[in-house]
Amino acid sequence: MDLQRNMDLLEKLAILSAAAKYDVACTSSGVDRKGKGTGMGNAIAPGVCHTFSADGRCVSLLKILFTNECIYNCAYCLNNCMSDVKRAAFTPDEVCTLTMEFYRRNYIEGLFLSSGIMVSPNYTMDLIYQTIYRLRYVHHFHGYIHVKSIPGSDPALVEKTGFLADRMSVNLELPTADALRKLAPCKSRNTILKPMRQIQNHIASSKQELALYKKAPRFVPAGQSTQMIIGATPENDFQIMSVAENLYQKFQLKRVFYSAFVNVNGNSMLPALPGGPPLLREHRLYQADWLLRYYHFHVSELLSEDRPDFNIFLDPKCDWALRHLEQFPVEINKAPYQTLLRVPGIGYKSAERIVKARKRNRLSFNDLKKIGVVLKRALYFITCSGKMMYNTKLEENYICENLMKDRTQIPRDIREGGYQQLSFFDKSLRSDFQLTDAQIIPPGQQITTI
């Protein structure tokens with residue numbers, strides 16, 4: 001197979017970066033690996049440094065597909081084998097060159113590499129492995145690398161790749177097995193969960209080895225994640241969040257990403273979405289996911305079969321508090337940490353600061369503001385030394401009416417109708433950085449700082 005496709009590297013980059021925009025990848029690294037002075041880059045535990053251009057694009061990761069060719073016919077995918085789109089494919093050396101040159105120019109902190117299925121899962125996964133191997137051992141790149149594992153590929157390839165990548169992910173694609181059978185009959189839930197379980201087991205084994213031998217190789221040190229498409233099939237929020245909770249509990253995932261469905265193919269089996277992608281629903285799912293991971297909530301507390309969808313007007317935490325007013329108001333100077341976490345307007349960091357600060361002095365509302373508590377939400381649910389901030393009523397309709405006046409309940413981009421999914425590579429970036437053949441430096445050759 002001719003991987004070059006008679007295209008120059010700039011043209012391939014334009015096609016394959018745009019094709020990758022539906023893969024969610026803005027995630028912290030969660031791994032601390034310093035360069036040894038013999039290569040380039042490092043991975044820092046606090047996360048990939050997200051840099052935003054003047055027009056709002058996040059350019060922290062070089063996010064590309066290895067190829068947008070695919071042998072599968074998934075109804076929701078722009079790159080399926082029946083789509084009439086321009087096709088391209090990189091070679092391993094081309095991906096390495098792009099990564100190194102963008103890194104040298106300080107455009108990126110790492111690489112996110114996914115791919116369509118070219119020839120077979122094994123063939124594609126082997127190309128991805130070759131790419132990451134060359135980055136690590138030929139170009140000595142120590143920066144962050146996030147790789148998509150190809151379901152159905154040889155476990156040995158997944159294992160070899162896992163010892164080179166910082167994070168791996170296997171896309172769940174759709175929330176239920178029935179939805180997957182309907183829209184992606186070439187895939188199965190088993191072929192997706194199998195590599196997910198393999199990665200989980202190898203991560204656990206790697207941690208045990210590291211506890212005994214400090215120099216033991218690390219397997220996917222930043223953990224694994226997955227992604228679900230939201231709105232392509234009729235599952236409600238309760239079903240989606242139940243799947244996510246199950247994945248966190250059984251596979252110890254770092255993140256579940258939710259991607260609002262975009263009808264790029266006009267397939268008759270897919271919803272028309274006259275109002276556009278369900279972005280506000282996606283936002284509420286992310287907020288609820290945060291409650292599961294950091295605030296010790298359970299899905300059964302937020303939703304139920306009788307109440308299966310989130311309130312579009314209020315964030316899930318505020319909505320939960322309104323339905324459990326019997327637990328409020330909370331006394332800031334006495335309430336345990338777990339109780340503080342459930343107060344709207346108090347984040348987990350603010351809760352930690354409150355617990356620490358009140359050991360020295362009794363806290364006031366001014367103190368809470370300095371700590372970082374969002375008082376315009378919290379004031380209805382808390383007291384300081386037995387007193388509320390204002391003379392407010394602990395009554396559902398009254399509090400709900402006031403909370404809905406808070407414009408931050410709905411993200412500005414969605415509220416103003418200006419949201420769009422952006423590609424790393426568009427005209428504004430091309431005018432800023434013209435990647436011509438003369439600027440592509442052969443592997444191993446040094447360049448001067450520009």
Side-chain angles (χ1 to χ4, degrees), residues 1-5 7 9 12-13 15-17 19-20 23 25 61-74 77 79-81 87-100 110-141 143-171 173 184 186-188 190-203 206 217-222 224-226 443-444:
M1 177 174 292
D2 180 14
L3 292 177
Q4 297 294 337
R5 297 298 186 196
M7 293 182 186
L9 194 52
K12 289 184 181 182
L13 180 61
I15 294 170
L16 295 173
S17 60
D23 268 309
L61 296 177
L62 174 59
K63 189 169 70 167
I64 53 176
L65 298 186
F66 190 91
T67 180
N68 65 342
E69 293 191 19
C70 196
I71 61 174
Y72 294 159
N73 187 25
C74 303
C77 182
N79 302 310
N80 71 53
C81 62
R87 307 286 180 171
F90 288 123
T91 64
D93 281 332
E94 287 174 334
V95 176
C96 292
T97 300
L98 286 171
T99 303
M100 299 303 291
L111 170 69
F112 173 89
L113 184 61
S114 184
S115 183
I117 313 300
M118 182 166 55
V119 180
S120 70
N122 276 345
Y123 184 87
T124 307
M125 194 69 212
D126 184 59
L127 284 171
I128 290 175
Y129 166 73
Q130 290 180 38
T131 303
I132 306 306
Y133 182 89
R134 293 181 195 188
L135 265 174
R136 293 298 196 205
Y137 292 106
V138 176
H139 298 273
H140 305 290
F141 180 69
Y144 177 77
I145 298 178
H146 181 166
V147 173
K148 289 280 183 172
S149 177
I150 306 298
S153 58
D154 189 335
L157 286 171
V158 175
E159 180 180 357
K160 291 194 298 183
T161 305
F163 281 111
L164 301 174
D166 294 298
R167 173 166 288 181
M168 293 188 75
S169 53
V170 187
N171 280 357
E173 304 288 2
C186 49
K187 298 179 180 178
S188 72
N190 181 59
T191 58
I192 293 172
L193 295 182
K194 188 175 179 180
M196 197 179 287
R197 180 69 72 189
Q198 178 193 358
I199 294 170
Q200 177 199 4
N201 291 338
H202 275 297
I203 290 174
S206 178
R218 295 190 292 176
F219 185 88
V220 193
Q224 66 169 320
S225 58
T226 193

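Numbers here are sequence positions counted from 1.
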Does the side chain of Asp154 come within less than 4.5 Å of Met125's, by heavy atoms? no
Distance in Å, Ser115 OG paired with Lys148 NZ, rounded so as to fall on 0.5 Å steps: 12.0 Å
Got a sec: does the NZ of Lys160 have more than 12 other heavy atoms crowding it under 6.0 Å? yes
Do Phe66 and Leu113 come within less than 4.5 Å of each other through their side chains, counting heavy atoms only? yes
Any non-hydrogen side-chain atom of Phe219 less than 4.5 Å from a side-chain atom of Ile199? yes
For the residue pair Leu9 and Phe90, establish whether any side-chain heavy-atom pair is separated by less than 4.5 Å. yes
So Leu61 and Tyr144, do their side chains get closer than 4.5 Å, heavy atoms only? yes
Taking atom CD1 of Ile145 and atom CE of Met168, what is their separation to the nearest 0.5 Å? 11.5 Å
Donor-acceptor contact below 3.5 Å, side chain Arg167 vs main chain Phe112: no
Salt bridge check, Asp166 against Arg136: does any charged N sit closer than 4.0 Å to a carboxylate O? yes
To the nearest 0.5 Å, atom OG of Ser149 lies from atom CG of Asn171 at 10.0 Å
Atom CG of Leu164 and atom OG1 of Thr131: how far apart are they, to the nearest 0.5 Å? 11.0 Å
Parallel, tilted or perpendicular: rings of Tyr133 and Tyr137 (30°, 60°): tilted
